[in-house]
Structures are given as structure tokens and as C-alpha cells.
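Inspection log for the structure reproduced underneath, given as C-alpha cells.
Residue numbers run from 1 in the order of the sequence given. The basis for the numbers below is simple: all heavy atoms, side chains too, and nothing from hydrogens, waters or symmetry mates.
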Amino acid sequence: MINARPTRILTLRGTPVNPAITIQTPRITLREYCEADFPGVHAYSKDPEAVRFMTWGPNTPQDTRTFIQSAIEYQNTKPRLDYFFVVVTNTNREIIGGCGLHIKEPEKRCAALGYIFNRATWGQGYASQAAQALIQLGFSHLGLHRVVATCDTRNLASARVMEKNHMRREAHFRQDLWQKREWRDSYLYAILAEEWRAGSDTIAILAD
């Protein structure tokens, strides 16, 4: 089974073009960005260790502000291809990370997922739960056929997150990306809608 407990996806508060999406899981909530999120987002975006395997960063304050503004603007694009979420804990609403889905091939209904978390929260299962929520969003709400993700082959923690969510390693690309002054090897993981449906719980989707 992909899920031990079902994830509830709630569509809340309307925007001029698209409804905003909030995803609530047992331990974390994924919600759309707002400008007030800057301190929490910049805390991990500026951390060299947290962004070590990312294609971006460490961020300057302006880099982080630019990203947040872009994430807000994506909420009102149509057709919408980018879904970025800040991740907060359900206990104290603390910002602990960010994640998102990018629909890179609309005609093939394929999207790439990604995530990053504050180093203080590593090893606590938050990334696995966020990835699970994104996969469910893609298949149950966005009508996707395939969700993919990549990671540096040295990033074993990220690989485990994808494997815990029953994503299949499909490829090992040798030196496919020049990143931060070195060539990077990458793993490609994927899961299909039919594979997800075979082992998933039903998700309740409520519209405001």
C-alpha cells in the first residue's frame, strides 16, 4: 500500500483564475506561497548544505523573494503548469520546507516533482509525506498519467523518499548535468497513474 492513512486535499479560497490548493496530511500541510513566508523559506534556501544537490542556491535574499513572487504568480496562470507549496507542520505551523509539481509535458500528462527541507527536520519523514501528497495531487486532482523525479546519485536520502513512495528507478544518467562546478550523475524515478491507483486510498477533494 502506498498510504497507511488517506491524505485529504482541500481546495480553498478562490483566486481570479485558479482555486488555491491546500493539502493536509497527518503531520504536515502543503499550502500556496505568500510574501510573508520569506523568513522561513529563506532559512533553508540560503543553507549550502540544504541546497547541496539542488540546481540552484544558496540563495541571496533577493533570490528567495524572486522565487516566492514567481510561485505566487503561477497561481493565476492558465493553463496552470506549476504548483509550488510551502510545507508547514500541523502542530505549530512552522515552515519546514517547500515542494512542487511542474507539468513539463502537458500533452503527455507528465509532471516532475521536487522538494527541499530545512536541515533541522531531516530524517523525520516529512519529505516522504510531502512527496506522497504531490503524487496524489497529480493523479487524483490534475489528471496526470505519469509523475517523475530526479536526484543526484549521491543523494541517498532523496532516493529513499522516492522509493518509499513506490516510484521506480528507470535510469542512471552519467554526467548529465553540470552543476556547481562539477558534473553530476542523476537517477530518474517514475510512477504511473495505474500503479498509484492499484495501491492508494481514496482522497476527499472539497471545493470552496
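In terms of the side-chain hydrogen bond (donor to acceptor under 3.5 Å, both in side chains) criterion, residue partners of Gln179 (sequence neighbours excluded) are, by chain and number, Arg184. Under the side-chain hydrogen bond (donor to acceptor under 3.5 Å, both in side chains) criterion, Lys46 pairs with no residue at all, not counting sequence neighbours. Every residue two or more places apart in sequence or in another chain that forms a side-chain contact (heavy atoms from CB on, under 4.5 Å) with Ala43 is listed here: Asn118. For Gln62, the side-chain hydrogen bond (donor to acceptor under 3.5 Å, both in side chains) partners at least two apart in sequence or on another chain are Thr66. In this view, Ser128 and Val161, Lys164, Asn165 satisfy the side-chain contact (heavy atoms from CB on, under 4.5 Å) rule, not counting sequence neighbours. Annotation: side-chain hydrogen bond (donor to acceptor under 3.5 Å, both in side chains) contacts of Thr55 (sequence neighbours excluded): none. In this structure, the side-chain contact (heavy atoms from CB on, under 4.5 Å) partners of Gln69, at least two apart in sequence or on a different chain, are Glu35, Glu73.
Residues Leu134 and Leu113 share a closest heavy-atom pair of CD1-CB, 4.2 Å. The minimum heavy-atom distance linking Asp176 with Ser186 is given by the pair OD1-OG, 2.9 Å. Here the closest heavy-atom approach between residue Tyr44 and residue Gly98 is recorded as OH-N, 3.4 Å.
Residues Gln136 and His141 form no side-chain contact, since every pair of their non-hydrogen atoms from C-beta on lies 4.5 Å or further apart. Residues Leu188 and Arg169 have side chains not in contact (no heavy-atom distance under 4.5 Å, counting atoms from C-beta outward).
Within the structure, salt bridge (charged side-chain N to carboxylate O under 4.0 Å, His left out) contacts touching residues 79-98 (residues at least two apart or in different chains) are Glu32-Arg80. Note on residues 109-131: pairs passing salt bridge (charged side-chain N to carboxylate O under 4.0 Å, His left out), not counting sequence neighbours, are Asp47-Arg119. Listed by first then second residue, pairs satisfying ring-ring contact (aromatic ring centres under 6.0 Å, His included) with a partner in residues 114-134 number zero, not counting sequence neighbours.
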Stepwise side-chain contact (heavy atoms from CB on, under 4.5 Å) test for Thr29 and Ile23
CA-CA 6 Å; Thr29 295; Ile23 309 174; over 6 Å; no
Run Leu30 and Val86 through side-chain contact (heavy atoms from CB on, under 4.5 Å) and show every step you take.
CA-CA 6 Å; Leu30 284 59; Val86 66; over 6 Å; no
Could you please spell out the steps behind the side-chain contact (heavy atoms from CB on, under 4.5 Å) verdict for Ile68 and His42?
CA-CA 10 Å; Ile68 292 174; His42 192 56; over 6 Å; no
Given the rule in the side-chain contact (heavy atoms from CB on, under 4.5 Å) test, do Trp56 and Ser45 qualify, once you have shown the distances and angles that lead to the verdict?
CA-CA 9 Å; Trp56 51 270; Ser45 298; 4.0 Å; yes
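Note that CZ of Phe85 is 7.0 Å distant from CG of Leu101, once rounded to the nearest 0.5 Å. Rounded to the nearest 0.5 Å, atoms OH (Tyr187) and NE2 (His172) are 5.5 Å apart. Interatomic distance, CD1 of Ile96 versus CD1 of Ile116, reported as 12.0 Å (0.5 Å rounding). Interatomic distance, CD1 of Ile191 versus CG of Leu144, reported as 12.0 Å (0.5 Å rounding). Considering CD1 of Ile103 and OH of Tyr83, their distance stands at 5.0 Å, rounded to 0.5 Å. Phe84 CZ to Ile72 CD1: the interatomic distance, rounded to the nearest 0.5 Å, is 12.5 Å.
Clustering ILVMFWY residues whenever any of their side-chain heavy atoms sit less than 4.5 angstrom apart, transitively, puts Ile21 in the very cluster that holds Leu81.
Aromatic rings from Tyr33 and Phe67 are positioned such that their centres are separated by under 6.0 Å.
The pair Arg146-Glu170 counts as a salt bridge, with a side-chain nitrogen and a carboxylate oxygen less than 4.0 angstrom apart. One finds no salt bridge joining Arg168 and Glu163 here, because no Lys/Arg side-chain nitrogen approaches an Asp/Glu carboxylate oxygen to under 4.0 Å.
In terms of modelled atom types and a separation under 3.5 Å, the side chain of Asp185 and the main chain of Gln175 share a donor-acceptor contact. Between the Asn90 side chain and the Thr25 main chain, a donor and an acceptor come within less than 3.5 Å of each other. Looking at Lys180, its side chain does come within 3.5 Å of a backbone N or O of Met54 through a donor-acceptor pair.
Both cation-pi conditions hold for Arg65 and Phe38: the charged atom is under 6.0 angstrom from the six-membered ring centre and inside a 45 degree cone around its axis.
Other residues sharing the hydrophobic cluster of Leu192, ordered by chain and number and joined by side-chain separations under 4.5 Å: none, the residue standing alone.
Taking the six-membered ring where tryptophan is involved, the planes of Phe139 and Trp196 are tilted, since the angle between them lies from 30° to 60°.
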List, one per line, each side-chain donor-acceptor pair under 3.5 Å for residues 148-155, sequence neighbours excluded.
residue : atom : partner : partner atom : Å
Asp152  : OD1  : Arg154  : N            : 2.8
Asp152  : OD1  : Arg154  : NE           : 3.0
Asp152  : OD2  : Arg154  : NH2          : 2.8
Arg154  : NH1  : Glu182  : OE2          : 3.3
Arg154  : NH2  : Glu182  : OE2          : 3.0
Asn155  : OD1  : Ser158  : N            : 3.3

